[in-house]
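By convention in this document, chain letters (A, B, ...) are assigned in the order of the sequence lines, proteins followed by strands, and residues within each chain are numbered from 1. Note that the structure is predicted; figures quoted are calculated from it, not measured.
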Amino acid sequence: MEGQSVSISGSGRVSGGEYSQVRISGSGRVEGDVVAQEIRVSGAGRFQGSVKAKEITVSGAGKFSDRVEADVLVTSGSCGIEGDAEVKELRSSGAQRIGGNFRGHYVRVSGVLHVAQNLEADVFTSSGKFEVGGLLSADRVEIKLVGDSRAREIGGENIDIRASSGFSFGFSLTRGFRLGVGIGTLTVGEIEGDHVLLEATTADVVRGKSVRIGPGCKIGRVEYTDSLEVHPEAEVRERVKR
Amino acid sequence: MDEDLIAKKDVLEATGISYGQLYRWKRKGLIPEAWFIRKATVTGQETFFPRDKILSRIEQIRSLKEEQSLDELVQILAPEAAPETVRHDDPPALPSVGPEGRKLLWKDRGYTFGELVALACGANALRSGTRPAEAKLLVDLVRADEAVVRAPTGMTALLGEKSFEQEGFSVRIMFALLGREPLRLDRESRVKHRVDLEKVTEQVKLALREVA
């Protein structure tokens, strides 16, 4: 892609178009659809059109009022996308909000992620806090719970949800466990997977082939086909083998 | 709308596929979102599918996936889910486009799914006696919006005509319009041709599957 670079370091606005690089370090607004190799927002950037880029980095505050397509999106600041996002690789250590659906390959959350509708990926890993308004679906869902996370549904092949390991928190975590509260929780309506392992999770229904319910879980009903293990410090109201 | 439905867990049991496969196929678009029907039951929320559609789709996926990758399968079974993956070189071979349809948008090769649907809309209009220049309006309109072929349910493309006379001049304007039904035109306009996009998309999809 041949195109010019544009950099806003004071305050300014540019129109949409094709760029090789867009850098906003002051306060900037981009009016219209943008196609770019690289977009960097370290100040406050507002994009009032759809955005297509190879790489987007937001370390300041980025706002996208339409659809975003990217190979890589890295957020360490705050990034809001009001439309859908199609991003192969999403890494959020800051705050990432998506107003529509998210589709991608790899998602890594260590900050906060909020998706209003569905989140679909091949791999979803989180050691942060997330909220998904619809279905969170991935081949591999690996979650280390920090804070209180939620989703309406989770579905995939391997689902592994653990309370955070206690090393850096010493005895408080083990105590927390005894009380049935870890330092993080997950609340979800329905979980479906082939191999499901849960800790500190509250769910209405869990369905799977092999299911392990760990400490701190509160599950309404578990339906399983192959095996079920329930930790003594978990609560399962109903168990159904099919 | 009282279709015969089957619960998700019964689908898994009947076909022997795993949750992982089901969700993966859904993500790929091989199983359309619209087939997932959520219903309240005595034991809470459950997901149901139209029985015949889901069972035959799973059968198709399983019989084809030996030789083909999932992305190729999407192209064959559900091109509307990923129109960007379709590259078709011979539109006249598709009955809904035909040689006359191809003339509305000439390319050497590599027609996308959206373009094929657009051409089929144009060809559809040509066959009912619309002039090529007018049919071209439809083609250009449908082609411009990929979202249309991804979700064609209830979408209509139409060719309208408006004539009026003013100070001795008589003017006739042709226009194309794309939208979700019900579409309304003002009283001086009339519909010359109407295309049901869902139907055309389905035709193109079937034709592609046959030539594949």
| query | Highest number of heavy-atom pairs under 4.5 Å with chain B: which of A:Arg103, A:Arg207, A:His195? | reply | A:Arg207
| message | Does any backbone or side-chain atom of A:Glu223 lie under 4.5 Å from a heavy atom of chain B? Answer side chain, backbone, both or neither. | response | side chain
| request: Test A:Leu135 against B:Lys26 for side chain to side chain contact (heavy atoms under 4.5 Å, CB included), laying out the working first. | output: CA-CA 11 Å; A:Leu135 167 69; B:Lys26 180 188 184 187; 3.2 Å; yes
| Any chance CZ of A:Arg150 has more than 12 other-residue heavy atoms, nucleotides or ligands included, within less than 6.0 Å? | no
| Just wondering, more than 12 heavy atoms not from A:Arg108 lying within 6.0 Å of its CZ? | yes
| field | Which portion of A:Asn158 sits near chain B, non-hydrogen atoms under 4.5 angstrom | value | neither
| Point-to-point distance, once rounded to the nearest 0.5 Å, from OG of B:Ser18 to NZ of A:Lys209 | 5.0 Å
| task | Tell me, yes or no, whether the heavy-atom count around B:Arg62 atom CZ, taken from other residues, nucleotides or ligands under 6.0 Å, exceeds 12. | result | yes
| said: Check this for me: B:Arg172, atom CZ, are more than 12 non-hydrogen atoms of other residues, nucleotides or ligands nearer than 6.0 Å? | reply: yes
| query | Tell me, do B:Arg27 and A:Asp139 make a side-chain contact under 4.5 Å, heavy atoms counted? | reply | yes
| said: Can you confirm whether more than 12 heavy atoms, excluding those of A:Arg212, are under 6.0 Å from its CZ atom? | reply: no
| task | Name the region of B:Lys9, side chain, backbone, both or neither, that has any atom closer than 4.5 Å to a heavy atom of chain A. | result | both
| message | Tell me whether the count of non-hydrogen atoms from other residues, nucleotides or ligands lying under 6.0 Å of NZ in B:Lys103 goes above 12. | response | no
| Nearest-0.5 Å distance that lies between atom CD in A:Glu153 and atom CZ in B:Arg38 | 4.0 Å
| message | Could you check whether atom NZ of B:Lys107 has more than 12 heavy atoms from other residues, nucleotides or ligands sitting under 6.0 Å from it? | response | yes
| message | So A:Glu192 and B:Leu22, do their side chains get closer than 4.5 Å, heavy atoms only? | response | no
| remark: B:Tyr19 and A:Asp194 have their tightest heavy-atom pair at N-OD1, 2.8 Å
